[in-house]
Undergrad: 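So that we are looking at the same thing, I have put the structure below in structure tokens.
Side chains are part of it too, since the values below use all heavy atoms of this structure and drop only hydrogens, waters and symmetry mates.
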Amino acid sequence: FPVTIAYEYALAAIQFNPNNAELYPNYILQALQLSEVGYAKEAMDKLKKLNINLYNSLLTKYLEQLKSQEKKRLFQ
């Protein structure tokens with residue numbers, strides 16, 4: 001799927017079931033790919049409340065992609 005479609009599906013999934021922590025990692029990573037940093041940060045905060053273990057397992061990858069997005073923004 002193109003990134004925008006994957007993002008829309010991931011967003012729809014968490015809107016339909018906002019308390020299912022398992023849905024958040026995919027949404028967060030898709031949001032970062034689309035430079036939707038604010039949405040990704042909000043979702044990370046929600047994930048931390050829902051499932052701290054899942055949050056911790058995603059944190060390194062999240063921070064790496066966040067750093068990558070910040071570099072892209074600087075060079076645009």
Undergrad: Within a 6.0 Å radius of atom NZ on K48, are there more than 12 heavy atoms belonging to other residues, nucleotides or ligands?
TA: no

Undergrad: What closest approach, in Å, do L54 and A21 show between heavy atoms, and which atom pair accounts for it?
TA: CD2-O, 3.2 Å

Undergrad: First locate atom OG of S57, then atom CD1 of I52, and finally report the distance between them rounded to the nearest 0.5 Å.
TA: 10.0 Å

Undergrad: Would you name the heavy atoms of L23 and A13 that are closest together and state the gap between them?
TA: CD1-O, 3.4 Å

Undergrad: Enter the distance from M44:CE to L59:CG here, rounded to the nearest 0.5 Å.
TA: 5.0 Å

Undergrad: Looking only at non-hydrogen atoms, find the nearest pair between P25 and L58 and report the distance.
TA: CA-CD2, 3.7 Å

Undergrad: Rounded to the nearest 0.5 Å, how far apart are CG of L34 and CD of E8?
TA: 9.0 Å

Undergrad: Heavy atoms only: give me the nearest Q33-Q65 pair and the separation to one decimal.
TA: CG-OE1, 4.4 Å

Undergrad: Working to the nearest 0.5 angstrom, can you tell me the gap between I14 CD1 and Y39 OH?
TA: 11.0 Å

Undergrad: Are the side chains of N19 and K46 in touch, meaning some heavy atoms are under 4.5 Å apart?
TA: yes

Undergrad: Please round to the nearest 0.5 Å and tell me the distance separating atom CG of N26 and atom CG of L11.
TA: 11.0 Å

Undergrad: Consider side chain to side chain contact (heavy atoms under 4.5 Å, CB included). Of I28, L32, L66, which one does K41 pass it with?
TA: L66

Undergrad: Tell me whether Y24 contacts the main-chain N or O of P18 through its side chain, where contact means a donor paired with an acceptor under 3.5 Å.
TA: yes

Undergrad: Given 3.5 Å as the limit, does a donor-acceptor pair link the side chain of Q30 with the main chain of A6, or not?
TA: no

